[in-house]
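Everything below concerns the one structure shown next.
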Amino acid sequence: MEENEKQKMYRHSMSHVLAKAIKSLYPGVKVAIGPAIENGFYYDFDNLTISPEDFAKIEDKMREIINKNEDFKRIVVSKQEAQKLFADEPYKLELIRDLPANETITVYYTGEDFYDLCRGPHVENTKFLRGFSFKINRVSGAYWRGSEKNKMLTRIYVYGFLNKDDLKECLRLEEEAKERDHRKIGKDLGIFMMHDLIGKGLPIWLPNGFLLRRALSDYIMDKELSLGYQHVMTPSLGSINLYKTSGHWEHYQEDMFPAMERENETYVLRPMNCPHHMMIYKSFMHSYKDLPIRIAEIANDFRFEGSGNLCGIERTRAFTQNDAHIFCRPDQIKDEIQGVINLILDVYKDFGFKNYAFRLSLRDKKNTEKYFGNDELWEKSEAALREILKSSGANYYEAEGEAAFYGPKIDVQVKSAIGHEVTLSTVQLDYQLPERFELEYVDEHDNRVRPVVIHRAIFGSLDRFVAFLIEETKGNLPVWLNPLQVKILTVSEKNIDYARQIEAKLHLNKIRVSADISNESVGKKIRSAVLEKSPFILVLGDKEMAENSVAVRTRGSKDTVSMSYKDFEKQLLETINKKV
RNA sequence: GCUUAUGUGGCGCAGCAGGUAGCGCACAGCCUUGGUAAGGCUGAGGUCAUGGGUUCGAAUCCCAUCAUAAGCUCCA
């Protein structure tokens with residue numbers, strides 16, 4: 001058996017051991033399901049309340065069961081027999097009820113006193129689990145069968161590996177992830193803050209964070225300008241009728257802040273910018289010769305995310321999209337989407353991102369009333385995106401039920417430090433909004449026809465992008481982005497004037513520099529500057545003053561290099577231009 | 001939103017068989033004028049998230065609210 005398959009089977013057998021341990025420690029508990037997952041397994045229980053203090057006790061019980069050398073005995077039963085066996089287990093009964101009539105039902109015994117409805121396979125005896133390394137990770141709630149309409153059960157997550165070192169490595173990675181967490185680094189580096197009184201999910205961008213955002217928006221707007229995008233600025237709210245026209249009010253009201261009424265008019269904070277951009281297009285006559293028209297905006301949006309879903313600047317209620325809408329003819333779709341994908345790849349290369357995946361987000365075919373438009377158009381759009389992805393050679397996977405209500409998408413998915421999968425960039429093909437807003441252009445036969453709209457965001461939201469950037473770089477941002485580019489330290493008070501001269505020269509070159517002239521030891525000042533993650537530290541003492549030089553310490557190195565100020569300046573500007 | 005935890009000076013934490021708060025960092029002043037990851041001394045700073053309750057007495061126990069975290073659900 002392949003190692004992966006073996007580990008999966010062991011994990012699954014361990015989940016039965018966990019269930020048996022819980023049943024014996026907490027009588028009255030009802031069992032639900034317990035599969036193997038990445039890094040271990042879990043099991044869901046009803047009528048169970050435990051806290052981390054109980055973990056050791058449960059682990060001991062599990063070891064006790066393992067050490068009893070109990071057989072995993074498989075038996076085949078009829079539906080009636082199964083219902084009888086699990087008469088006292090409502091969740092199992094529900095599963096049995098839903099099994100197809102011709103399905104072979106198997107039950108696995110662990111010892112004599114615990115049995116579980118299960119397809120298997122399992123290890124033959126618990127003695128094989130002796131070398132298996134496991135540790136209870138956490139307890140949390142999870143809805144029965146993944147639906148919020150159902151009861152919330154108690155889920156126990158356990159890390160589990162065949163190999164002891166794999167468990168150690170898993171725990172180490174978890175510790176490391178905490179250090180990379182953008183919320184910690186963002187606080188340490190003065191990027192952003194939150195405050196109860198301001199409101200949850202509403203990030204405050206501090207001076208360092210704003211410098212970073214400005215560098216990012218300048219970067220992306222310059223790129224867009226060179227690709228023929230036109231930037232606009234539109235209000236963060238709009239009349240409710242705008243969203244009734246677009247369909248957002250009908251489809252996404254629950255995710256929007258509630259409407260505001262005054263003078264018989266109703267306004268809403270906008271959750272996205274599409275409707276505003278539709279209106280810009282609609283306000284002018286367009287010839288087929290003018291298309292594509294690419295309208296872009298660095299735009300503030302507001303979404304009422306469930307309180308439990310908020311996460312630092314990864315998911316907020318107020319955020320800034322790097323959004324654009326491309327209005328084009330049907331024959332231009334392919335080139336335009338290809339252009340966006342190229343832009344995404346180009347940007348990710350500039351930032352050195354490697355851990356991402358393209359996802360073709362399709363509609364849920366079993367639940368089509370969620371979506372606008374007819375089947376034919378959807379098939380066509382989905383096929384078009386698939387073809388573009390295939391020909392671009394990008395690695396991608398397909399996901400049903402992830403489309404927007406107006407069309408399929410290509411999303412770029414990344415994983416955060418703590419393991420959330422989120423969308424960073426998105427490209428969406430849309431035939432619906434042009435229809436709803438009655439957008440037109442005049443074709444070569446003087447007919448008025450509908451354009452197609454491509455929605456796209458490269459940074460997705462600046463906020464989420466910064467979160468990912470911080471986690472990928474562990475806060476060691478490249479020099480061109482780092483809020484602080486050069487830190488100057490004086491050795492003694494005699495060097496303050498010289499330090500100020502150097503600082504002024506760097507300021508003239510628009511370098512983000514700060515000087516530490518405090519009455520502290522050089523060692524202390526170095527330490528502070530390193531913790532600030534300054535890419536360059538200049539130590540200025542009597543020696544440098546006499547030679548008109550600087551002693552440069554580069555981030556990541558403990559060595560100091562002495563050079564003339566001019567050389568340093570030249571090298572620094574080159575580094576910034578190269579965006580490394 | 002749901003389940004479970006957590007909430008102590010700016011930050012990180014200790015104190016919690018109930019007797020009205022401590023440490024480190026940061027901050028301020030002074031001494032030291034120092035050469036590559038923490039020099040020394042002194043000091044200021046907290047109604048222990050908020051509101052109720054139990055008690056002679058609550059940071060410590062109970063309830064509610066708010067916020068945060070993990071997972072679930074959601075994510076245009």
*If we take the P atom in both U50(B) and C11(B), what is their distance in whole Å?*
14 Å
_Any donor-acceptor pair under 3.5 Å linking the side-chain atoms of Arg155(A) with those of Tyr157(A)?_
yes
*Base, sugar-phosphate, or nothing for Ala551(A), non-hydrogen atoms under 4.0 angstrom?*
base
_Nearest listed nucleotide, side chain of Tyr157(A), among G39(B), G71(B), G34(B)_ = G71(B)
*Looking across every strand, which nucleic acid part, if any, lies under 4.0 Å from Arg553(A) by heavy atom: base, sugar-phosphate, or nothing?*
base
*Below 4.0 angstrom from OP1 or OP2 of G39(B), is there any side-chain N or O of Ser521(A)?*
yes
*asked:* Less than 3.5 Å apart, any donor N or O on the side chain of Gln253(A) or Tyr243(A) sitting next to an acceptor on the other?
replied: no
*Determine the interatomic distance between P on A64(B) and the same-named atom on U3(B); round to the nearest Å.*
12 Å
*State whether Lys151(A) places a side-chain N or O below 4.0 Å from either non-bridging phosphate oxygen (OP1 or OP2) of C2(B).*
no
_Identity of whatever pairs with U3(B) - Watson-Crick or G-U, under 3.5 angstrom_ = A70(B)
*Which listed nucleotide (U36(B), A37(B), A76(B)) is nearest to the side chain of Gln428(A)?*
A76(B)
*asked:* Of the listed nucleotides (A38(B), A76(B), C2(B)), which one gets closest to any side-chain atom of Tyr143(A)?
replied: C2(B)
_Is the distance between the ring centroids of Tyr281(A) and His325(A) under 6.0 Å?_
no
*So which nucleotide from C72(B), A76(B), U73(B) ends up closest to the side chain of Arg155(A)?*
C72(B)
*Do Tyr396(A) and Phe358(A) have their ring centres less than 6.0 Å from each other?*
no
_Spacing between Lys149(A) atom NZ and G1(B) atom C1', to the nearest angstrom_ = 13 Å
*Which nucleotide, G35(B), G1(B), A76(B), lies nearest any side-chain atom of Asp542(A)?*
G35(B)
*asked:* OP1 or OP2 of A70(B) versus the side-chain N and O atoms of Arg183(A): is any pair under 4.0 Å?
replied: yes
*What nucleic acid atoms does Ile418(A) come within less than 4.0 Å of, heavy atoms only: base, sugar-phosphate, or nothing?*
sugar-phosphate
*asked:* What is the distance, to the nearest angstrom, from the NZ atom on Lys525(A) to the C1' atom on G35(B)?
replied: 11 Å
*asked:* At 4.0 Å (heavy atoms only), tell me whether Phe405(A) reaches a base, stays on the sugar-phosphate, or touches nothing.
replied: nothing
_His182(A) and Phe468(A) aromatic centres sub-6.0 Å_ = no
*Just call it for Lys543(A): base, sugar-phosphate, or nothing, with non-hydrogen atoms closer than 4.0 Å on any strand.*
base
*Which nucleotide, G71(B), C75(B), A38(B), lies nearest any side-chain atom of Ser140(A)?*
G71(B)
_Spacing between His195(A) atom NE2 and A49(B) atom C1', to the nearest angstrom_ = 11 Å
*Ring centre gap for Tyr406(A) and His251(A) strictly below 6.0 Å*: no
*Grab the CZ-C1' distance between Arg145(A) and C74(B) for me, whole Å please.*
20 Å
_Pairing nucleotide - C23(B), Watson-Crick or G-U, each distance under 3.5 Å_ = G12(B)
_Pairing check on C75(B): which nucleotide meets the Watson-Crick or G-U wobble criteria with it, both distances under 3.5 Å?_
none
_Students often get this wrong, so: under 4.0 angstrom with heavy atoms, is Glu250(A) touching a base, only sugar-phosphate, or nothing?_
nothing
_If the cut-off is 4.0 Å, is His420(A) near the phosphate of G71(B), judged by side-chain N/O to OP1 or OP2?_
yes
_Pairing nucleotide - A44(B), Watson-Crick or G-U, each distance under 3.5 Å_ = none
*Among the candidates C74(B), C72(B), G35(B), find the nucleotide nearest to the side-chain atoms of Met152(A).*
C72(B)
*Please report, rounded to the nearest Å, how far the C1' atom of G24(B) is from the CZ atom of Arg527(A).*
11 Å
*Considering only atom C1', compute the distance from U42(B) to C16(B) and round it to an integer number of Å.*
32 Å
_Per Lys200(A) side chain, nearest of listed nucleotides A38(B), G71(B), A67(B)_ = A67(B)
*So what does Gly306(A) touch, heavy atoms closer than 4.0 Å: a base, only the sugar-phosphate, or nothing?*
base
*Near-ring test Tyr43(A)/Phe45(A), centroid separation under 6.0 angstrom*: yes
*Would you state whether a donor and an acceptor, one from the side chain of Asn309(A) and one from the base of U73(B), lie under 3.5 Å apart?*
yes
*With both distances under 3.5 Å as the test, what is the Watson-Crick or G-U wobble partner of U55(B)?*
none
*asked:* What is the separation between atom CG on Asp196(A) and atom C1' on G51(B), rounded to the nearest whole Å?
replied: 15 Å
_Between the base of C75(B) and the side chain of Arg315(A), is one N or O donor paired with an acceptor at under 3.5 angstrom?_
yes
*All salt bridge (Lys or Arg N to Asp or Glu O under 4.0 Å) counterparts of Arg359(A), not counting sequence neighbours*: Glu402(A), Asp411(A)
*If pairing requires Watson-Crick or G-U wobble contacts with both distances under 3.5 Å, which nucleotide is the partner of G35(B)?*
none
*Report yes if at least one side-chain N or O of Lys558(A) is closer than 4.0 Å to OP1 or OP2 of U36(B); otherwise report no.*
no
*With the side chain of Leu531(A) defined as its heavy atoms from C-beta on, choose the nearest nucleotide among A37(B), A76(B), G34(B).*
A37(B)
*Separation of Glu305(A) atom CD from A69(B) atom C1', in whole Å?*
17 Å
_Can you check the distance between A58(B) and A49(B), where both ends of the measurement are the P atom (answer in whole Å)?_
15 Å
_Distance, C1' atom - from U55(B) to C62(B), rounded to whole angstrom_ = 12 Å
_Mind checking if Asp255(A) touches a base, just sugar-phosphate, or nothing, with heavy atoms under 4.0 Å?_
base
*Integer angstrom distance from the C1' of G15(B) to that of C30(B)*: 33 Å
*Taking the C1' atom of each, how far is U68(B) from C56(B), in whole Å?*
36 Å
*Do Ser549(A) and Lys543(A) meet the criterion of a side-chain donor-acceptor pair at a distance under 3.5 Å?*
no
*asked:* Say we look at C25(B) and C48(B): how far apart would their P atoms be, to the nearest angstrom?
replied: 25 Å
*asked:* Would the base of G35(B) count as contacting Glu544(A) through its side chain, where contact means a donor and an acceptor less than 3.5 Å apart?
replied: yes
*Among His276(A), His277(A), Glu297(A), whose side-chain hydrogen bond (donor to acceptor under 3.5 Å, both in side chains) with Thr234(A) holds?*
Glu297(A)
*Round to a whole Å and report the spacing from CD of Glu148(A) to P of C2(B).*
11 Å
*In terms of the nearest nucleotide of RNA chain B, which residue is placed more toward the 5' end: Val522(A) or Ile50(A)?*
Ile50(A)
